[in-house]
Amino acid sequence: MNLDDKTLKELQNYKEPAREGETITDPENHERAGTGAEEPSDIPIEDTPSQRDGGVSPAMQQLKSIIDERATYFRVNQIEVWATLSTENGVIHMNTSSNKFSIFLGGLAVENQLNPSDTVLKGVTNWIVFEVLNNPNNRIQQLHYRKGLDSEGNLWILRSVNPVDYIKVTKTSVESQIPTCPIKIVLNDTAEDLPLPLQELSHGDLNIVNEYINLQPQYIPLFHSLLVSFYLLQGEFPIVLPQGQQRTGKSTMIKIMYELADPNSNQLRAMFQDKWSMYTAASNTHLFGLDNISNIPNWFADSICQISTGGTFENRTHFSMTETTAIQLCNPIIIGAITQITNATDVISRSVLLPTNPIDPSNIRTNSEFWDSFKSDKRTIFTGLLKAIGYTLKNQSRTPTDNISRISDFHIVGRTLSGYGLSWKVDFDTAMAGSIEETNEQIVDEHPIAKLLIMHLDGRGVSELEYTATEWGDQLETIHPNLNETELRVLFNQVKNHEVRYLGRAFTRLAPALDEIGYSLIRRRVKGKSYWKFKRINESHATHTTHATPRAEESTSVGSMSIKSSKNSPDPYDNGLERGDHTGRPWEDKKDNKNA
């Protein structure tokens, strides 16, 4: 084969690529150097495919060896890899796909006098992920936010990140300022430090927090139990609903929950525009709080139920048409609002209502005075909370589980604390029953169909009525003058003839709430037709007894009994200092606030 002139010329000018560690010298400059010209400087090796050894550039190899000396790696699922890094502040964990890890990797390179390109940084990250995912010995490890339980049932809390230190709560002790932790716990960039526990555990007192929250005494057991549950529960959390008019302390109460369970600069979020943003925010924190919520989108109720009980949100990955991104999460949710945010049964049955009441002007303090006072008491309160957590760890396995509400794990925590030395006016079961009853009464009060059912039953002077859905629609339309304009609009949308089928759906949603306040609404089929029977049930079957145990019915103050018995107990979680004078002090004289 004859070569053309162009090919021959290229072969004559061909230079063999430099090998690693060699430099390329220009022959023409070399000849000039012999005649007195300056010797040229070495030309650095470029990171090109032709210069790579086995497909991996020297720059990538060097940077990989540097990061491997500072980090170990673990999987959290089938595709996501995290790095455990040694820093000046202690051991921390980072997602290898995060911007934070890229910045750390780039800074580590500069520290070692390297200046890698973005391609090299991405290549090293991909290399790490590939090695970890293809190593059968790297099993999936659980990732925790702020707190977590180890294999022995001990609670670990990430208290501070500068420097990193942990709190360990066991059934018999509380240890603090521990530099390492056997489980993987992370915080987001907006997280802040928890208080340092007091050296003398006996000086801690959770009752002092009662001074700073505007709740009537019958709701204090719920508040204390929620704080403990934020730390101990896994897989299912209650939905916390602080409710009340303006200037009643809802936002302040939410902030106090954060201060004692998950300090964070992003505490009081507004409503999110879409599910993707909401799930992303929840996955990067422990407590997930929203405040001043009034109007909610259709998807909101389902989403908060999924977040509180644990679930996965999956959506299309940005800038991709063929891949999806899944977010797994489980968070306690706090939603502050003036009135009930939704009448969805799933939300209500998982909720704990914390109603606030108007504050007497004589008890109002300035913002700076209030928070300065709380700051001075915070370590004492937090230490008391750790004691209550330890007591629950030790005793919850012996707590009876009969007649508990749907949020069963939370109910067990609260029942366990009823045997602890806290200054409660009522036990947990009584407090929980009151919350459930008031929540369901709110649903009925705000739902025109429920009000019409009760009015119709009372107007007939009977204990039960039964009609088909169509007949119920006709009956309810006859008493619509008792409704306002908004209620009429809802009613007509549900009972007009061509949409009468929607009335059955409304009944289905209302049935649990009505049952809790003493009414039965059930469906049955007779000769191929569906009938709805509305019936007033016996008072003894209503919420306040079905959710109470015999122990709750026999004693109106388990807390006071527990304080007496704990004085002779060697339990390390004994309350020690008695601070019963703090319980509900600012509101003791306003017992009629609820009825005002």
Side-chain angles (χ1 to χ4, degrees), residues 236-243 250 254 268-285 288-318 324-353 406-407 439-452 469 473 483-496 498-514 516 521:
E236 181 185 21
F237 290 96
I239 300 171
V240 188
L241 301 180
Q243 286 183 20
K250 298 189 307 297
I254 295 174
L268 305 180
R269 301 173 179 86
M271 175 57 66
F272 290 87
Q273 293 184 347
D274 56 78
K275 287 193 287 186
W276 181 277
S277 301
M278 181 171 169
Y279 279 83
T280 302
S283 67
N284 284 282
T285 187
F288 185 56
L290 300 97
D291 194 26
N292 296 320
I293 302 300
S294 53
N295 297 322
I296 62 172
N298 293 331
W299 50 262
F300 183 74
D302 292 338
S303 296
I304 60 176
C305 287
Q306 186 180 40
I307 292 173
S308 64
T309 59
T312 301
F313 174 75
E314 188 170 7
N315 206 347
R316 181 175 64 84
T317 303
H318 291 314
T324 61
T325 297
I327 301 176
Q328 296 180 330
L329 70 175
C330 184
N331 304 68
I333 296 179
I334 307 171
I335 304 174
I338 294 178
T339 60
Q340 188 69 263
I341 58 169
T342 177
N343 57 16
T345 305
D346 277 354
V347 175
I348 299 305
S349 61
R350 294 185 173 100
S351 296
V352 177
L353 182 66
R406 184 176 184 182
I407 39 179
T439 302
N440 285 288
E441 285 178 350
Q442 286 185 11
I443 296 175
V444 173
D445 287 343
E446 296 174 7
H447 203 296
I449 298 295
K451 289 198 292 186
L452 283 174
L483 303 179
N484 60 37
E485 183 178 349
T486 302
E487 293 170 337
L488 279 172
R489 191 182 310 116
V490 175
L491 173 65
F492 288 151
N493 285 337
Q494 293 179 332
V495 301
K496 55 189 176 181
H498 66 281
E499 292 185 358
V500 73
R501 63 185 181 277
Y502 293 133
L503 185 60
R505 299 181 188 179
F507 283 1
T508 301
R509 291 193 297 267
L510 277 174
L514 288 168
E516 296 289 355
L521 183 59

Looking at [X] and [Y], what are the two nearest heavy atoms and their distance?
X      : Y      : answer
Met278 : Trp299 : SD-CZ3, 3.4 Å
Leu510 : Ala450 : CD1-N, 3.7 Å
Leu290 : Ile254 : O-CD1, 4.1 Å
Val352 : Pro238 : CG2-CB, 3.9 Å
Ala469 : Leu503 : O-CD2, 3.4 Å
Pro242 : Val240 : CD-O, 3.3 Å

Practice prompt. Please test Asp291 against Arg269 for side chain to side chain contact (heavy atoms under 4.5 Å, CB included), starting from the C-alpha separation and ending with a verdict.
Written response: CA-CA 6 Å; Asp291 194 26; Arg269 301 173 179 86; over 6 Å; no
Fill in: Partner residues of Asp346 under the salt bridge (Lys or Arg N to Asp or Glu O under 4.0 Å) criterion, sequence neighbours left out
Arg406
Item to complete: Using side chain to side chain contact (heavy atoms under 4.5 Å, CB included) as the criterion, list what pairs up with Gln328, not counting sequence neighbours.
Response: Thr312
Can you find a heavy atom in the side chain of [X] that is under 4.5 Å from one in the side chain of [Y]?
X      : Y      : answer
Thr309 : Arg350 : yes
Phe300 : Lys275 : no
Cys330 : Phe237 : yes

Item to complete: Please lay out, stage by stage, how Leu353 and Gln243 fare under the test side chain to side chain contact (heavy atoms under 4.5 Å, CB included).
Response: CA-CA 7 Å; Leu353 182 66; Gln243 286 183 20; 3.5 Å; yes
Approximate separation, where rounding is to 0.5 Å, of [X] [atom1] and [Y] [atom2]:
X      : Y      : atom1 : atom2 : value
Phe313 : Ile327 : CZ    : CD1   : 6.5 Å
Cys305 : Asp302 : SG    : CG    : 6.5 Å
Ile239 : Ser349 : CD1   : OG    : 8.0 Å
Ile333 : Ile307 : CD1   : CD1   : 4.5 Å
Asn298 : Ser303 : CG    : OG    : 11.0 Å

Worksheet item: Mind checking whether Phe272 and Phe288 have parallel, tilted or perpendicular rings, split at 30° and 60°?
Response: parallel
Discussion item. Checking the side chain of Asn331 only, and the main-chain atoms of Ser308 only, is there a donor and an acceptor separated by less than 3.5 Å?
Written reply: no
Discussion item. Checking the side chain of Ser283 only, and the main-chain atoms of Thr280 only, is there a donor and an acceptor separated by less than 3.5 Å?
Written reply: yes
